[in-house]
Amino acid sequence: MSDTLSTPLAARPSQDAGHRSGHVHCTCWPGATVWLTGLPSAGKTTIAHELAQRLRAEGRRVEVLDGDEIRSFLSAGLGFSRADRDTNVQRIGLVAETLARNGIVALVPVIAPYADSRAKVRARHDRSGTACLEVHVATPVDVCAERDVKGLYARQAAGELSGLTGVDDPYEIPRNPDLRIESHTQTVRESAASVHTLLQERGLA
């Protein structure tokens, strides 16, 4: 294999980066996975999109791996048993690691309720020397239920839904996340700024 092919993509400047899209993308930074875990309606996706907008304005290549979209396509057919939830998380982890390994910031606003599933995702990244940051969006369940963005808490309370994470299905709180955000005490912009600061501190932004 030639030296050119063995050089990590993130380390090689692109000769025509973004020309077709009209945007210039910076390829001088390494990629990374930022996994935002938390209860349903905690604010994970909103924070991810705010952060993505900020990073793109800086010329970074960013992808937001939306959990609902993954469920509809890549993980279509999976249910919500512990085994299926783990399979879903590992599939997302594989996609995120592949993107991050190739110089893209992969933002993953996905619940990932089980600690062992999250640990396996981190181990995959460690094996390839790819940065993986765990951000716990620590919004209390009562605040999440009040927001109830998708109506899940109302359906659970009405007996129309079971297995809701954090209510009648487990959510294992991260013990040592890279960052813990109490999104209910600050604005979305402030939450995204906290994650951006973390990326800067780790030399990833």
Side-chain angles (χ1 to χ4, degrees), residues 7-14 17-18 23-39 42-67 89-90 92-140 143 171-205:
T7 303
L9 291 179
R12 282 186 269 139
S14 172
H23 297 282
V24 176
H25 297 296
C26 176
T27 58
C28 54
W29 295 100
T33 291
V34 180
W35 198 296
L36 297 99
T37 176
L39 297 176
K44 303 180 297 297
T45 301
T46 305
I47 294 169
H49 282 289
E50 177 70 24
L51 177 60
Q53 184 177 0
R54 178 167 181 168
L55 290 170
R56 287 178 182 133
E58 297 173 351
R60 299 300 303 278
R61 295 185 296 169
V62 183
E63 289 292 340
V64 178
L65 300 182
D66 182 86
V89 168
Q90 299 317 308
I92 298 171
L94 171 62
V95 174
E97 187 271 335
T98 301
L99 292 171
R101 172 161 41 93
N102 286 282
I104 297 171
V105 179
L107 304 180
V108 188
V110 174
I111 296 171
Y114 300 114
D116 58 347
S117 294
R118 300 193 297 264
K120 285 189 284 187
V121 169
R122 186 181 289 275
R124 173 184 291 280
H125 285 71
D126 288 344
R127 287 193 296 270
S128 66
T130 305
C132 182
L133 305 179
E134 182 178 74
V135 176
H136 178 209
V137 184
T139 310
V143 176
Y171 176 73
E172 297 174 1
I173 297 173
R175 293 184 177 181
N176 296 294
D178 295 280
L179 177 66
R180 203 181 306 275
I181 294 175
E182 296 185 357
S183 67
H184 57 296
T185 66
Q186 58 190 21
T187 67
V188 172
R189 180 171 294 182
E190 289 170 338
S191 294
S194 297
V195 185
H196 187 269
T197 297
L198 174 65
L199 287 168
Q200 290 179 317
E201 292 172 348
R202 301 296 175 87
L204 300 168

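Position 1 is the first residue of the sequence, and the numbers go up from there. All values reported here derive from a predicted model rather than from experimental measurement.
- For the pair Ile47 and Val135, the minimum side-chain heavy-atom distance is 4.5 Å or more.
- Annotation for Leu94: atom CG counts as buried by contact number, over 12 foreign heavy atoms lying within 6.0 Å.
- Between the CZ atom of Arg202 and the CG atom of Leu133 there is a distance of 5.5 Å, given to the nearest 0.5 Å.
- Note: Ser194 OG to Leu179 CG = 6.0 Å, rounded to the nearest 0.5 Å.
- Checking side-chain atoms of Trp35 against main-chain N and O of Cys132 turns up no donor-acceptor pair under 3.5 Å.
- Considering only heavy atoms from C-beta on, Arg61 stays 4.5 Å or farther from Leu99 through its side chain.
- Heavy atoms from other residues, nucleotides or ligands lying under 6.0 Å from CG of Asn176 number 12 at most.
- The shortest non-hydrogen separation linking Asp178 to Arg122 is OD2-NH2, 2.9 Å.
- With rounding to the nearest 0.5 Å, the separation of OG in Ser117 from CD1 in Ile111 is 12.5 Å.
- The structure places CG of Leu39 at 6.5 Å from OH of Tyr171, a figure rounded to the nearest 0.5 Å.
- Residue Ser128 comes nearest to Glu97 through the heavy atom pair OG-OE2, 2.6 Å, listed as atom of the first residue, atom of the second, then distance.
- Scanning all heavy atoms of the two residues, the minimum distance from Lys44 to Val110 falls at CE-C, 4.1 Å.
- Of the possible polar contacts, none joining the Arg124 side chain to the Gln90 backbone as a donor-acceptor pair under 3.5 Å is found.
- For the pair Ala138 and Arg180, the tightest heavy-atom approach, listed with the atom from each and the gap, is CB-CG, 3.9 Å.
- The environment of Glu190 atom CD is dense: over 12 non-hydrogen atoms of other residues, nucleotides or ligands sit within 6.0 angstrom.
- A distance-only check finds a donor-acceptor pair linking the side chain of Thr139 to the backbone of Ala42 [under 3.5 Å].
- The minimum heavy-atom distance between Ala131 and Leu204, with the atom names listed, is CB-CD1, 3.8 Å.
- Under a 3.5 Å cut-off, the side chain of Arg56 and the backbone N or O of Val62 do form a donor-acceptor pair.
- Considering NE2 of His196 and CZ of Arg60, their distance stands at 8.0 Å, rounded to 0.5 Å.
- Of all heavy-atom pairs spanning Ala52 and Val64, the tightest one is CB-CG2, 3.8 Å.
- The backbone N or O of Thr187 lies less than 3.5 Å from a partner atom in the side chain of Ser191, making a donor-acceptor pair.
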